[in-house]
Amino acid sequence: MDLISDSDDGDGFQWESDEDDGDAVPPPNPPLPPDSAAGPSGKVSEASSSRSELVSHFMAMGFSEDMVVKAIEENGEGNSEAILETLLTHAAIEKSPVKREQSPIDCTFSSDEDVLGDDLSDVSNFEYSSDDEDYTEGTSDKDRKLSVLVEMGFPADEAFSAINRCGPTASVLEIADSIHAAQLAADSAPTEDDLFPNWSENKAASSYACGSSVKNKRKLYEMKKMKERGSFLDRKKPCFGQGNLDEGFRSGSTIPKPMIGFSLPNQKMKPANRILPEAAIGPPYFYYENVALAPKGVWETISRFLYDIAPEFVDSKFFCAANRKRGYIHNLPIQNRFPLQPLPSRTVQEALPMTKKWWPSWDPRTQLNCLQTCIASAKLTERIRTALANSDDPPPERVQRFVMNECKKWNLVWVGLHKVAPLEPDEMEMLLGFPRDHTRGGGISRTERYRSLGNSFQVDTVAYHLSVLKDMFPNGINLLSLFSGIGGAEVALHRLGIHLRNVVSVELSEINRNILRGWWEQTNQTGTLIDIADVQQLNGDRLEQMINMFGGFDLVIGGSPCNNLAGSNRYSRDGLEGKESALFYDYFRILDLVKNIMGKSF
DNA sequence: TTCATTATGACTGTCTTC
DNA sequence: GAAGACAGTCATAATGAA
């Protein structure tokens with residue numbers, strides 16, 4: 001490993017805002033109304049308590065009474081989505097020219113996504129026949145789903161692509177959701193306003209209503225740092241006029257839905273329209289991550305500090321089998337992204353195939369919720385086992401509701417008859433895109449593994465965003481990794497095939513530093529890894545020294561602590577001013593220092 | 001002292017109902 | 001449009017065993 005590096009590779013390209021990447025910039029798209037999704041869409045109401053109401057509900061959709069009654073018997077009264085999917089499936093098979101060749105209906109159930117079509121006219125007149133049970137094996141599940149999706153009104157080619165994209169165990173509704181998302185994305189190239197609706201309003205509101213503390217914080221911070229280090233922060237206050245963030249005021253949700261960011265792998269989407277504020281344009285590139293569902297005003301503040309770039313909100317459920325709603329602020333190009341290969345499984349049954357055998361039909365989950373730092377207690381899983389063992393099969397609705405609530409809350413999976421269990425650490429590693437046993441051994445306890453993994457990046461998601469660096473830096477990159485954790489950024493870049501020339505990693509936890517170093521040695525890295533425990537040690541002098549030594553940093557990446565932002569925290573959800581989450585200001589301090597030093601030196 | 005286990009709501013956005 | 005129900009969330013603190 002060599003500490004000496006040449007400086008030719010890091011600055012051999014032109015820094016331009018995204019709109020200068022070659023393509024003409026289309027005018028900003030008008031904002032989408034909240035429910036402007038193209039294609040079939042609609043809502044499924046909760047099951048009525050009365051059976052007759054339930055029958056009426058589905059009959060109103062055009063299904064025959066016999067068909068509805070049979071579907072309710074199959075699924076129980078409590079699962080209206082499963083009933084509807086069964087109805088759609090039967091209807092489609094009935095109409096399909098290959099219906100007599102198809103296998104018995106294998107009902108898979110969707111998550112709670114609402115993607116059912118408004119226009120059910122095509123499936124409204126099918127009669128449910130007793131012969132339906134005679135479907136023979138022969139046509140694949142894939143064909144059946146394709147048939148259903150076409151019946152729902154989706155184009156066959158899009159349905160076919162979505163089936164491949166979502167994997168063999170994805171339910172029809174989940175696949176429909178995927179098509180829905182793709183259509184939404186394709187119909188309107190996302191602008192920053194689309195990605196962060198009413199951004200301007202929130203910024204204005206936050207700086208007006210609660211802005212005093214934010215403004216004061218910034219002012220105090222800037223004054224303090226100005227004293228510390230000359231005038232590196234003597235820059236103008238954020239310029240809101242740049243980057244199309246101030247145009248118009250809208251109400252509504254802050255977080256876009258679906259949370260797909262500028263693009264998703266293997267989705268046909270128009271090139272997104274993004275204009276970076278001048279102050280945001282590098283070098284270096286930077287990439288900041290934190291929880292999407294932070295308290296009000298947090299992302300506005302983060303964005304204001306990070307050169308007024310609007311966050312790219314992405315849910316990792318589009319990359320793996322678990323939800324992970326995160327916001328990313330970066331100045332990376334957004335064209336020509338590509339995903340890591342192989343593509344991870346998108347359903348929990350596919351990712352953890354051993355659970356399939358025990359997964360009850362009344363558990364509609366196909367994806368897990370956010371992987372957290374804590375797991376369910378043994379007492380809870382025992383309570384669930386006892387409740388199920390003492391119930392009929394299927395259990396009554398009351399028991400199902402109790403079990404489902406706990407399973408969703410704690411991400412429990414089925415490991416035996418009536419037996420649910422939390423994920424094992426190695427399963428979390430796999431779902432998050434880390435190599436097996438990444439956090440195992442080396443003196444780390446099981447509890448600590450859960451904590452470290454729960455705090456980490458989802459590698460496939462981050463790698464997709466970072467993939468644009470591969471062609472820019474064929475000889476590798478110099479990386480400044482802040483709050484590295486267990487090395488999600490390093491693993492992502494390595495898996496992308498981007499050589500890590502010099503890595504300066506800042507991580508407080510000794511355990512996490514050991515994990516990263518262990519991975520570094522195990523993967524035979526030929527670059528140099530410098531780890532630093534305390535972010536405060538990275539002052540201007542030390543950064544200048546490193547920048548001179550390495551020839552500058554190509555990427556400054558990090559996700560500052562979310563402890564005080566996360567909804568799970570019921571004790572100290574204090575926002576950006578919280579003890580840990582205030583370290584965001586160190587991310588900005590260091591990034592701004594690097595920009596200034598590199599601006600002077602290169 | 002370390003680690004495992006367990007119990008502990010609040011906040012926010014979305015959906016449903018009226 | 002308002003009010004209430006519902007669902008999801010990179011967690012913290014107390015306790016006891018080893």
Any A:Thr447 side-chain nitrogen or oxygen under 4.0 Å from OP1 or OP2 of B:dT5: no
Ion pair A:Glu300/A:Arg304, N-O distance below 4.0 Å: no
A:Glu382/A:Lys379 salt bridge by N-O under 4.0 Å criterion: no
Rounded to whole angstrom units, what separation is found between the [atom1] atom of [X] and the [atom2] atom of [N]?
X: A:Lys409; N: B:dC11; atom1: NZ; atom2: C1'; result: 15 Å
X: A:Arg365; N: C:dG8; atom1: CZ; atom2: C1'; result: 14 Å
X: A:Lys408; N: B:dT14; atom1: NZ; atom2: P; result: 17 Å
X: A:Glu382; N: B:dA7; atom1: CD; atom2: P; result: 13 Å
X: A:Asp315; N: B:dT14; atom1: CG; atom2: P; result: 13 Å
X: A:Glu510; N: B:dT2; atom1: CD; atom2: P; result: 12 Å
X: A:Arg446; N: B:dT6; atom1: CZ; atom2: P; result: 12 Å
X: A:Lys317; N: C:dG8; atom1: NZ; atom2: P; result: 11 Å

Per-nucleotide protein contact string for nucleotides 10-18 of chain C, where B marks a base within reach and S marks sugar-phosphate only (heavy atoms under 4.0 Å, - for neither): BBBS-----
A:His465 and A:Phe319 aromatic ring geometry - parallel, tilted or perpendicular at 30°/60° bounds: perpendicular
A:Tyr307 and A:Phe588 aromatic ring geometry - parallel, tilted or perpendicular at 30°/60° bounds: tilted
A:Pro295 vs A:Gly443, nearer the 5' end of DNA chain B by closest nucleotide: A:Gly443
Upstream residue (5' side of DNA chain B) when A:Lys379 and A:Ile511 are each assigned their closest nucleotide: A:Ile511
Contact check, side chains of A:Ile302 and A:Pro311, non-hydrogen atoms, under 4.5 Å: no
Separation of the C1' atoms in C:dC10 and B:dT14, to the nearest angstrom: 22 Å
Euclidean distance for C1', C:dC6 against B:dG9 (whole angstrom): 15 Å
A:Gln372 side-chain N/O to A:Gly454 backbone N/O, donor-acceptor pair under 3.5 Å: no
Pair assignment for DNA chain B - dot-bracket with | for other-strand partners, Watson-Crick or G-U under 3.5 Å: ||||||||.|||||||||
Pair A:Tyr585-A:Arg589, side-chain donor/acceptor within less than 3.5 Å: no
is_close_aromatic(A:Phe313, A:Trp299), centroid dist under 6.0 Å: yes
Chi angles and distances behind the ring-ring contact (aromatic ring centres under 6.0 Å, His included) call for A:Phe584, A:Tyr288: CA-CA 9 Å; A:Phe584 159 73; A:Tyr288 175 81; 5.3 Å; yes
